[in-house]
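What follows is one structure encoded as structure tokens, with my remarks underneath.
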Amino acid sequence: MGVAGEKFQLGTVGALSLSVVSSVSIVICNKALMSSLGFNFATTLTSWHLLVTFCSLHVALCMKLFEHKPFDARTVMGFGVLNGISIGLLNLSLGFNSVGFYQMTKLAIIPCTVILETLFFRKKFSRNIKLSLSVLLVGVCVATVTDLQLNAVGSILSLLAIITTCIAQIMTNTIQKKFKVSSTQLLYQSCPYQALTLFLIGPFLDGFLTNKNVFAFDYTTQVLFFIVLSCLISVSVNFSTFLVIGKTSPVTYQVLGHLKTCLVLTFGYVLLHDPFSWRNILGILIAVIGMVLYSYFCTRETQQKPAEVSPQVIQVKESESNPLISDSLSTAENGGSTTDDEPLKVPMWSSKYSRA
């Protein structure tokens, strides 16, 4: 048990590290692609990311690096379509809202996820966990939220983006456990549906937000280089997203997403000389305190569980962990996926505000 637990912890740390490094890298790459080269077609680019990810995983499958494990086709289809819709809604939300309100939308994903997991999965979050999440949200809010310009259409889109992203990220964790599939197997089967959904809506959505045609863009050698680089990095981003949610939880993934936001702000100031104020510094410090507290309380509660929970209770909890997928979301419209904290998800950055 000690060796297995140590391997699990090492695997979790590796997944978290891979997620942070790859997400920060792709944000820097996409910022150069969009800000410097004017390629602002975020949704279409994300569909290319997923297509390249699928091709890479197919090559890995042919090399027998992982085993293909088919399961319920309707679940996979719903999973992929919902994930694609959540990405499109997040990008569309930013198009109708200010950057400040968009940041509030991302912040709302954590409490919404907590509420959904509490209602549907009877998951309990301790007072310490809630306190640490509150500190984290306050810090990210101080560091990133600048203005709050509200409008009816933007508010509705933000609400839909929050709900779909939360469900998608919860389902990523639930599906892996219910069908006993790995993050690689789940990503491989869902990628085609995600890519197709975004490829169909991407050109129209990007055209609406930018008033430009993605197919009429001037694809110079430099633009193509950064597009290819972004697609290659996205393989690691997509894989690590599924891996993190599978090994931890949707809430932990969202906490990690806010850590990446703070790192992006810091790297932007150090490497790109972006404007930085005392408010950014204060917010990042508060957010880091919240993340440290969250990690500490999660670790402490995880260590306490083996001594407090009997095997019978574990079996009962496992039997209660499927209501969202087996009942209300097991129809043809069912689905779930990642999302940021993301989502996201899947890379959930946008044409106007790069994000991990």
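No experiment lies behind these values; they were computed from the predicted model shown.
- Checking N40 against T210 by side-chain atom types alone, no donor-acceptor pair falls below 3.5 Å.
- Surrounding CZ of F226 are more than 12 heavy atoms belonging to other residues, nucleotides or ligands, all under 6.0 Å away.
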Starting from the C-alpha separation in whole Å, work towards a yes-or-no answer on side chain to side chain contact (heavy atoms under 4.5 Å, CB included) for I129 and V114. CA-CA 11 Å; I129 293 293; V114 170; over 6 Å; no

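- Residues V81 and L200 are members of separate hydrophobic clusters, defined by side-chain heavy-atom contacts under 4.5 angstrom among Ile, Leu, Val, Met, Phe, Trp and Tyr.
- Contact record, Q189 with V76: O-CG1, 3.3 Å, taken as the closest heavy-atom pair.
- K212 has its side chain within reach of F41: a pair of non-hydrogen atoms, C-beta onward, lies under 4.5 Å apart.
- With values rounded to the nearest 0.5 angstrom, I115 atom CD1 is found 14.5 Å from K123 atom NZ.
- Cluster membership check: L160 does not share its hydrophobic cluster with F204, using side-chain heavy-atom separations under 4.5 Å among Ile, Leu, Val, Met, Phe, Trp and Tyr.
- For K130, the salt bridge (charged side-chain N to carboxylate O under 4.0 Å, His left out) test picks out no residue, with sequence neighbours left out.
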Under 3.5 Å, side-chain donor or acceptor atoms of residues 287-298 against the rest of the protein: list the pairs with distances, not counting sequence neighbours.
residue: Y294; atom: OH; partner: T252; partner atom: OG1; Å: 2.8
residue: S295; atom: OG; partner: M291; partner atom: O; Å: 3.0

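- When all heavy atoms are compared, the tightest approach of T172 to L186 is O-CD2, 3.9 Å.
- Shown here are the side-chain hydrogen bond (donor to acceptor under 3.5 Å, both in side chains) partners of S182, two or more places apart in sequence or in another chain: Q185.
- Nearest heavy atoms, G84 versus I201: O-CD1, 4.4 Å.
- Each of I85, I87, N91 was compared with L89 under the side chain to side chain contact (heavy atoms under 4.5 Å, CB included) criterion, and only I85 meets it.
- Every residue meeting the side chain to side chain contact (heavy atoms under 4.5 Å, CB included) condition with L282, not counting sequence neighbours, appears here in chain and number order: W278, I286.
- H68 pairs by the side-chain hydrogen bond (donor to acceptor under 3.5 Å, both in side chains) definition with nothing, not counting sequence neighbours.
- The side-chain hydrogen bond (donor to acceptor under 3.5 Å, both in side chains) test applied to S126 returns E301, not counting sequence neighbours.
- Every residue meeting the side-chain hydrogen bond (donor to acceptor under 3.5 Å, both in side chains) condition with S158, not counting sequence neighbours, appears here in chain and number order: S93, N97, T105.
- Pairs engaging residues 52-61 under the side-chain hydrogen bond (donor to acceptor under 3.5 Å, both in side chains) rule: T53-N238, H58-Y188 [sequence neighbours left out].
- Counting heavy atoms from C-beta on, the side chains of N83 and S190 never come closer than 4.5 Å.
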Please table the atom pairs, donor to acceptor, closer than 3.5 Å between any side-chain atom in residues 213-222 and protein atoms at least two apart or in another chain.
residue: N213; atom: OD1; partner: F215; partner atom: N; Å: 3.0
residue: Y219; atom: OH; partner: V214; partner atom: O; Å: 2.6
residue: T220; atom: OG1; partner: V223; partner atom: N; Å: 3.3

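- Residues I233 and S22 come closest through the heavy atom pair CG2-O, 3.5 Å.
- To the nearest 0.5 Å, atoms CD1 (I162) and CG (L157) are separated by 11.0 Å.
- Neither V228 nor F199 shares a network with the other; the hydrophobic side chains, linked directly or stepwise wherever heavy atoms of I, L, V, M, F, W or Y lie under 4.5 Å apart, form separate groups for each.
- The minimum heavy-atom distance between A195 and L51, with the atom names listed, is CB-N, 4.0 Å.
- The shortest side-chain heavy-atom distance between L137 and P111 falls under the 4.5 Å cut-off.
- Taking CG of L133 as the reference point, atom CG of L107 lies at 11.5 Å (rounded to 0.5 Å).
- Legend: residues meeting side chain to side chain contact (heavy atoms under 4.5 Å, CB included) with F239, ordered by chain and number and at least two apart, are L18, S183, T184, L187, L243.
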What verdict does the side chain to side chain contact (heavy atoms under 4.5 Å, CB included) test give for F179 and K69, after you've listed the backbone C-alpha separation in whole Å, the side-chain angles of each residue and the deciding distance to 0.1 Å? CA-CA 9 Å; F179 294 102; K69 185 178 179 180; over 6 Å; no

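- With hydrogens and angles disregarded, no donor-acceptor distance shorter than 3.5 Å links the side chain of S35 to the backbone of A32.
- The aromatic ring centroids of F208 and F96 lie less than 6.0 Å from each other.
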Candidate pair H49 and I26, rule side chain to side chain contact (heavy atoms under 4.5 Å, CB included), full reasoning: CA-CA 11 Å; H49 286 172; I26 201 171; 3.8 Å; yes

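- Summarising the geometry of L198 relative to G88, their closest heavy-atom pair is CD2-N, 4.2 Å, with the distance given to 0.1 Å.
- With values rounded to the nearest 0.5 angstrom, L229 atom CG is found 10.0 Å from S234 atom OG.
- Cluster membership for L33 and V52, using ILVMFWY side-chain heavy atoms within less than 4.5 angstrom, is not shared.
- Within a 6.0 Å sphere centred on CZ of F66, other residues, nucleotides and ligands contribute more than 12 heavy atoms.
- Other members of the hydrophobic cluster containing M63, listed by chain and number, are V59, L65; membership follows side-chain contacts under 4.5 Å among ILVMFWY residues, whether direct or relayed.
- Residue F225 is not grouped with residue L232 when hydrophobic side chains (ILVMFWY) are merged at heavy-atom distances under 4.5 angstrom, including chains of intermediate members.
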Would L116 and C112 count as a side chain to side chain contact (heavy atoms under 4.5 Å, CB included) here? Give the steps. CA-CA 6 Å; L116 287 178; C112 182; 4.2 Å; yes

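- Scanning for side chain to side chain contact (heavy atoms under 4.5 Å, CB included) contacts around T113 gives I109, E117, C166, I170, P250, V251, with sequence neighbours left out.
- Put simply, the residue from L209, L205, L92 that forms a side chain to side chain contact (heavy atoms under 4.5 Å, CB included) with T43 is L205.
- Judged by distance alone, the side chain of S230 and the main-chain N or O of I227 form no donor-acceptor pair under 3.5 Å.
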